[in-house]
*Asks:* 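Take a look at this one; I'll ask things after.
Note that these values count all heavy atoms, side chains included, but never hydrogens, waters or copies made by symmetry.
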Amino acid sequence: MQARDKAQTARLWSHVRDERPWCGQAPPCVCYQFSIDRKGEHPASPLKGCKGVIHADGFTGFNGLFETDRASEQASMVHVRRKPAEERIALR
């Protein structure tokens, strides 16, 4: 993000819905949300009323969404190849 006389880190969150592979009736949709910090309230707030399955990465800001009976988590496999922190430290 361009700030006065310098650059500042910001976040762009994306929320995607596509039910076509499961013969859903809702049209596909993408929503982009901008925030100046990484607080979990930003990506989680539009998902508060969701029911069903949410595909999310391991960001702790999403944890509150899965504590209720409304939504279940479909974990992302994007980080599955990463070694656990203990193993990385042992290799040094």
*Asks:* So for atom OH, which belongs to Tyr32, do other residues, nucleotides or ligands contribute more than 12 heavy atoms lying within a distance under 6.0 Å?
*Replies:* no

*Asks:* Please list, chain by chain and in numerical order, all residues satisfying side-chain contact (heavy atoms from CB on, under 4.5 Å) with Ala26, sequence neighbours excluded.
*Replies:* Arg17, Glu19

*Asks:* What distance do Ile36 atom CD1 and Gln8 atom CD have between them, rounded to the nearest 0.5 Å?
*Replies:* 6.0 Å

*Asks:* If you look at every heavy atom in Thr9 and Arg11, which pair is closest and at what distance?
*Replies:* CG2-NH1, 3.0 Å

*Asks:* What are the two closest non-hydrogen atoms of Ser35 and Ala10, and how far apart are they?
*Replies:* O-CB, 3.5 Å

